[in-house]
Amino acid sequence: QILENGLVGVGSTAATVEVMLFTHQSCAYCRTFKDEQLSRFVQEFVETGKVHLQLGLLNIKKYPQSTAQEKVFICAAQSGKGLQTHKALFSQQVLDGAQSAVLAKTLGLDAKLFSACLESPETQTLVAQMERTAMEMDVTLVPTFIINGEKHVGLMDYADLEGLLNNALTQ
């Protein structure tokens with residue numbers, strides 16, 4: 001689901017721990033997290049209802065595809081494919097209209113609805129809100145994890161992330 005702050009929510013909103021994760025598909029550390037830790041994190045903490053994940057893309061101005069990726073991410077999330085799209089965007093750096101359509105088809109999205117969403121003013125508003133949220137949280141580097149309001153910048157070993165989450169769960 002798309003949250004009011006423009007981020008994509010994954011898991012139960014009733015979870016006792018809230019994790020905001022800001023990432024970008026050009027970031028090698030973000031790719032490492034996606035490849036080596038994300039599935040385990042989701043399985044152990046999000047799917048069990050312990051953690052509500054808020055996933056956002058940081059718009060990095062030196063990558064002109066950032067805004068297009070944000071739109072694709074939001075539109076796919078509106079069809080319940082946010083996490084899958086987040087993962088898929090790592091292998092598709094540049095997104096023009098044709099590439100977005102191919103990605104939508106790969107993810108099983110309705111092409112007409114997806115295309116309309118990409119052009120929608122509401123989508124642009126959500127992109128702006130995601131960017132505003134990153135700015136308000138002073139996110140300038142990726143990956144950035146904000147666990148119950150406490151910011152952690154950079155790729156952590158899974159054991160460190162697990163420790164932070166378990167500590168947050170006991171508070």
- Query: Does S12 use its side chain to pair, donor to acceptor, with the backbone of G49 at less than 3.5 Å?
  - Reply: no
- Message: Which residue in the set E44, E36, Q43 passes side-chain hydrogen bond (donor to acceptor under 3.5 Å, both in side chains) when paired with R40?
- Response: E44
- Message: Looking at I60, is its backbone amide N or carbonyl O close enough to the side chain of S66 to form a donor-acceptor pair, meaning the two atoms are under 3.5 Å apart?
- Response: yes
- Rounded to the nearest 0.5 Å, how far does CG of L58 lie from OG1 of T23? 9.0 Å
- Any link between M20 and V153 through a network of hydrophobic side chains (Ile, Leu, Val, Met, Phe, Trp, Tyr) touching at under 4.5 Å? no
- Go through the side-chain N and O atoms of E18 and N148 and say whether any donor and acceptor fall under 3.5 Å apart. no
- Message: Treating K87 as the side-chain partner and L38 as the backbone partner, does any N or O pair qualify as donor plus acceptor under 3.5 Å?
- Response: no
Pairs of donor and acceptor atoms involving the side chains of residues 101-119, under 3.5 Å and at least two apart or interchain, shall be tabulated with distances.
from: T106; atom 1: OG1; to: V102; atom 2: O; distance (Å): 2.9
from: D110; atom 1: OD1; to: K112; atom 2: N; distance (Å): 3.1
from: D110; atom 1: OD1; to: L113; atom 2: N; distance (Å): 2.8

- Identified side-chain contact (heavy atoms from CB on, under 4.5 Å) counterpart of L126 within the set K71, Q78, E70: Q78
- Task: Side-chain contact test, heavy atoms from C-beta onward, threshold under 4.5 Å: evaluate it for L55 versus H86 and give yes or no.
- Result: yes
- same_hphob_cluster(L3, L21) at 4.5 Å side-chain heavy-atom cutoff: no
- Reported CD1-to-CG distance for the pair I147 and L164, which is rounded to 0.5 angstrom: 4.5 Å
- Could you tell me the separation between the NE2 atom of H152 and the CD1 atom of I146, rounded to the nearest 0.5 Å? 9.5 Å
- Any donor-acceptor pair under 3.5 Å from R31 side chain to F90 backbone: yes
- Message: Using 0.5 Å steps for rounding, measure from the SG atom of C27 to the CG atom of L57.
- Response: 11.5 Å
- Item | Main-chain N/O of T140 paired with T144 side-chain donor or acceptor, under 3.5 Å | no
- Working to the nearest 0.5 Å, report the span between OG of S79 and CD of Q84. 11.0 Å
- Task: Please indicate whether E4 has more than 12 foreign heavy atoms, meaning atoms of other residues, nucleotides or ligands, lying under 6.0 Å from its CD.
- Result: no
- Do F145 and M156 have side chains that get closer than 4.5 Å, going by heavy atoms? yes
- Query: Is D157 reaching over with its side chain to a backbone N or O of A159, donor-acceptor style, under 3.5 angstrom?
  - Reply: no
